[in-house]
Amino acid sequence: MAQDALPTDFDVIVLGTGLPESIVASACARSGLSVLHLDSNDYYGSTWASFHLKSIGEWADEQMKDTNGTDGNPTADFSHHLLPGERLELVSPARRKVIKNVQHSWHVENAPQPPAAELKEEKTTATVGEPNDSVEQSSTAAVESPTVPQETQLAPTDAKDPQTTTLPSAETTVPSAETTVPSAETAVPRWTRDRVEKDWRRFNLDLAPKVLRARGPMVQILCQSEVSRYAEFKCVDRFLCSGEHGNLHQVPCSRAEIFQTDAIGVMDKRRLMKFLTFALNWENEPEEYRGFEDKPLKEFLESKGLTGLLQSYISDTIASLQTNPNTVEGLRAVNKFLTSVGRYGNSPFLWTLYGSGELPQCFCRLCAVYGGIYCLRHSVDYLIINGDNRCTAVVTNGQRINCQFLIADQSYLPEEFVHQRKSVTAVQRAVLITDRPLEASDDKEHITLLNLANDDNLGTVHLLEAGFGACIAPKDLYVVHLTAACSSAYNASIEQPLSKIVHKYFSTSDDVTSDNVASLANRPRLLWILYFDVVTEMDVNKETIPSNIGVVCLPDATLDYETTVESAKELFALFWPDRDFLPFALPKEEEDEDEAQHEDVAGPENTQTEQSSTADTAENSTEHRDEAKAESVTEAKSE
Amino acid sequence: MASRKKALLKVIILGDSGVGKTSLMNQYVNKRFSNQYKATIGADFLTKDIMIDDRLVTMQIWDTAGQERFQSLGVAFYRGADCCVLVFDVTNPNSFKSLDSWRDEFLIQASPRDPENFPFVVLGNKIDLGERAVSTKRAQSWCSSKNDIPY
């Protein structure tokens with residue numbers, strides 16, 4: 001794998017491969033600009049990355065390191081790179097850690113004996129009369145399962161294990177005594193650390209888990225840029241909300257689901273339908289909510305007779321795009337939710353298979369397809385600023401590379417261009433590995449969304465849960481993401497507030513005693529957990545920063561990609577107001593013709609022609625593209 | 001799911017830059033060859049429908065889009081690959097030596113279910129140039145050492 005030398009001149013240099021900068025990079029390359037994309041890490045995604053189990057541990061350890069002063073100034077002298085009037089600005093990402101408060105821990109032991117013994121069979125508790133082996137089973141088990149009473153089903157443990165590849169018929173392996181009276185021992189599934197770690201590659205743990213709203217801007221740019229071809233998606237197909245006693249309820253989202261649900265009565269169904277129908281058209285019926293505009297949505301819902309569970313449905317789930325909305329904001333959020341239902345099935349949200357960290361990579365691929373050059377493991381030592389306070393070049397690995405514009409996340413900015421924020425904002429995150437889904441109610445695996453509104457000053461906490469079907473965990477294991485915005489009183493020293501939620505909905509080995517096994521058995525068991533905070537302490541100093549440096553945002557606590565895409569769009573429009581942002585791709589035939597022409601014009605100007613033709617195609621949008629993509633996404637989802 | 005998976009196969013092409021991955025793909029799918037080298041720009045993936053045992057199979061052949069030049073291929077590229085074509089340049093021994101690392105890289109990144117039996121294909125490109133530096137024999141012995149990869 002021989003290494004070429006980097007070219008020395010680019011229109012745009014992008015530092016960091018997080019999602020917004022990757023989107024901007026792809027938009028630049030797409031519109032014909034030459035792009036160099038650098039990242040000091042050896043992985044894509046920066047604070048938007050996904051990791052498997054081993055690398056997230058390494059990542060966490062790396063973040064926990066005290067890097068103050070360790071990184072040191074690069075010793076080499078780069079002044080010979082400077083032109084008259086230019087100066088060097090030191091880049092020291094180590095000094096601006098945005099990830100704080102990292103903790104990770106195991107809540108299961110290593111197996112005392114060789115794990116093979118543990119692997120033989122896994123008994124799930126029967127206390128609620130529902131087995132939780134909801135994951136797709138090996139083919140043998142799937143054939144067997146219709147003939148087996150539900151309570152006696154076995155979850156095959158590990159399809160790769162030679163012992164379970166020939167799974168014996170379920171009837172013969174279940175000792176009848178255990179099926180009726182689950183003892184404490186069998187009620188606690190015997191996951192061990194070794195067993196979880198054995199499949200470390202099957203995990204894709206997101207630093208910034210988000211979902212795509214079916215009619216949101218992310219889906220739109222994915223479709224029109226055809227980046228959607230690089231990734232697969234599945235619907236978030238289960239919505240839960242927290243009821244009065246902390247129970248979890250499934251929220252019906254579509255018309256059909258509302259009619260089918262047993263959770264609410266006929267009158268309530270009618271009221272809910274009436275409200276949702278109104279919300280679809282709320283902007284045209286202002287008289288309906290007159291007087292409530294600035295009041296909390298809650299009051300408006302009460303005036304419509306929507307109380308209790310119905311209110312939870314609406315305010316916690318359907319209006320979940322907003323935290324503590326007033327009536328107008330709430331209705332807008334409800335409307336957004338409802339209009340996105342049905343585009344790709346009975347859900348307004350899509351989940352990226354293999355984790356949210358795929359998306360930055362997909363945009364990077366688009367950028368590369370249009371000529372962008374990619375270098376991971378390239379840290380930037382200096383920015384070079386000229387007398388007009390414009391960034392003219394960067395110094396990476398001792399090489400000077402010129403640029404017209406620089407896009408970076410804040411960790412790549414020299415000290416001089418940022419100032420300390422008065423109010424620190426933070427996103428608090430927890431990533432859990434558990435042994436079963438929350439509220440296992442049927443034998444299908446789900447991608448679940450649960451909004452826990454207003455739990456103890458935390459603001460809204462989003463909980464996303466998914467497993468094997470979402471390609472983020474091995475079979476029979478689940479990954480849960482908790483995300484909370486913590487805006488004003490962030491204090492890094494306080495105990496993890498999310499841990500309360502963890503203890504409310506999950507059980508750890510410490511909780512389980514012989515007395516409460518029955519009550520806890522129902523809950524997913526916590527096997528591993530990681531906490532961290534994404535902290536924004538710095539603001540761009542608008543007075544000192546060169547005008548040709550664009551700074552992108554860190555992942556925020558919102559559920560979908562709307563803010564991210566909008567900010568990338570704004571940044572692009574600011575620097576290149578006359579260029580289209582990720583326009584529709586050329587129809588295939590024309591592209592071929594173009595290429596054919598180029599081949600006739602053999603010669604050094606070939607690349608040039610190609611570049612300009614790419615820019616020309618910017619206008620060339622076709623509507624059928626959108627539909628075609630919609631189909632392919634639907635296909636992906638229905639798998 | 002199984003039937004759909006079989007109907008669409010994702011094939012990825014790996015190898016050092018300049019060995020002719022993009023040309024190979026173009027040659028195979030479009031029967032077209034361009035004599036001049038430019039680092040891959042605009043190559044994404046091409047699809048080709050072939051009939052195998054009376055079944056129509058769509059092959060989706062993914063190019064690296066030039067991201068391999070600075071060893072910066074992301075893991076997303078490898079997702080769900082059904083087959084991997086390893087390409088080297090018969091006039092360039094180093095590109096042959098790199099096959100080991102490309103194969104390892106693939107197995108690490110794609111982590112196929114059955115790494116021992118994952119379908120790799122090795123291709124020695126540019127045999128028309130006549131300055132052959134990697135003999136057929138050498139290539140074949142490498143392949144047989146890796147569980148009989150077809151050459």
Side-chain angles (χ1 to χ4, degrees), chain A residues 1-4 6 17 29 37-39 42-45 50 52 136 139 159-160 201-202 204 226 229-232 353-354 357-362 364-378 471 591-592 594-596 598-599 602-604 606-607 610-611 614 635 638-639, chain B residues 1-2 4-5 8 10 14-19 26 29-30 32-47 60 62-80 92 94-95 97-102 105 107-115:
Chain A
M1 301 196 211
Q3 178 121 11
D4 303 2
L6 279 170
T17 50
H37 204 159
L38 304 174
D39 196 313
D42 62 356
Y43 53 86
Y44 277 95
S50 299
H52 54 63
E136 297 157 51
S139 55
K160 286 199 298 191
R201 275 231 148 256
R202 303 265 165 236
N204 285 299
E226 299 200 327
R229 295 180 303 179
Y230 305 150
E232 290 182 289
L353 294 189
Y354 300 105
E358 295 291 285
L359 286 175
Q361 294 183 57
C362 294
C364 287
R365 180 172 167 90
L366 181 75
C367 178
V369 165
Y370 284 96
I373 292 188
Y374 276 82
C375 294
L376 301 179
R377 294 173 293 268
H378 270 62
C471 304
E591 216 160 6
D592 287 348
D594 264 9
E595 238 165 62
H598 286 314
E599 272 168 14
N606 196 337
T607 358
E610 177 152 311
Q611 289 217 339
T614 325
E635 251 173 52
S638 64
E639 262 179 32
Chain B
M1 184 168 159
R4 172 173 329 187
K5 215 170 169 168
L8 181 72
K10 175 172 172 179
L14 288 178
D16 280 3
S17 16
V19 299
N26 265 318
V29 178
N30 297 333
R32 208 192 274 161
F33 180 71
S34 160
N35 216 341
Q36 48 179 294
Y37 170 72
K38 52 176 195 272
T40 299
I41 293 178
D44 194 351
F45 59 76
L46 295 174
T47 52
Q60 208 177 53
W62 288 57
D63 196 3
T64 53
Q67 281 174 306
E68 85 288 5
R69 254 173 99 196
F70 300 94
Q71 291 92 54
S72 302
L73 271 174
V75 61
F77 176 70
Y78 297 93
R79 299 280 188 220
N92 176 357
N94 285 333
S95 73
K97 284 183 200 139
S98 307
L99 290 189
D100 264 319
S101 42
W102 281 118
E105 177 78 5
L107 291 177
I108 292 171
Q109 298 285 12
S111 59
R113 291 206 170 275
D114 187 3

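Keep in mind that what you see is a predicted model, and the values were worked out from it rather than measured. Each chain gets a letter, A, B and so on, in the order the sequences are listed, and its residues count up from 1.
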Trainee: Walk me through whether A:Gln361 and A:Tyr354 qualify under side-chain hydrogen bond (donor to acceptor under 3.5 Å, both in side chains).
Mentor: CA-CA 12 Å; A:Gln361 294 183 57; A:Tyr354 300 105; over 6 Å; no
Trainee: On a heavy-atom basis, which atom in A:Arg365 and which in B:Ala65 lie closest, and how many Å separate them?
Mentor: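 Here A:Arg365 and B:Ala65 meet closest at NH1-CB, 4.2 Å.
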Trainee: Side chain, backbone, both or neither: which part of B:Leu73 has a non-hydrogen atom closer than 4.5 Å to chain A?
Mentor: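 Only the backbone of B:Leu73 comes within 4.5 Å of chain A.
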Trainee: Applying ring pair (Phe, Tyr, Trp, His ring centres under 6.0 Å), can you list everything that pairs with A:Tyr230, at least two apart in sequence or on another chain?
Mentor: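 In terms of ring pair (Phe, Tyr, Trp, His ring centres under 6.0 Å), with neighbours along the sequence ignored, A:Tyr230 is linked to B:Trp62.
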Trainee: Is it the side chain or the backbone of A:Ile373 that comes within 4.5 Å of chain B heavy atoms, both, or neither?
Mentor: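 It is the side chain, since no backbone atom gets that close.
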Trainee: Could you look at A:Cys364 and say if it's the side chain, the backbone, both or neither that has a heavy atom under 4.5 Å from chain B?
Mentor: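 The answer is both parts of A:Cys364.
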Trainee: Rounded to the nearest 0.5 Å, what's the gap from NE2 on A:His37 to OG on B:Ser72? Could you check?
Mentor: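 Those atoms lie 10.5 Å apart.
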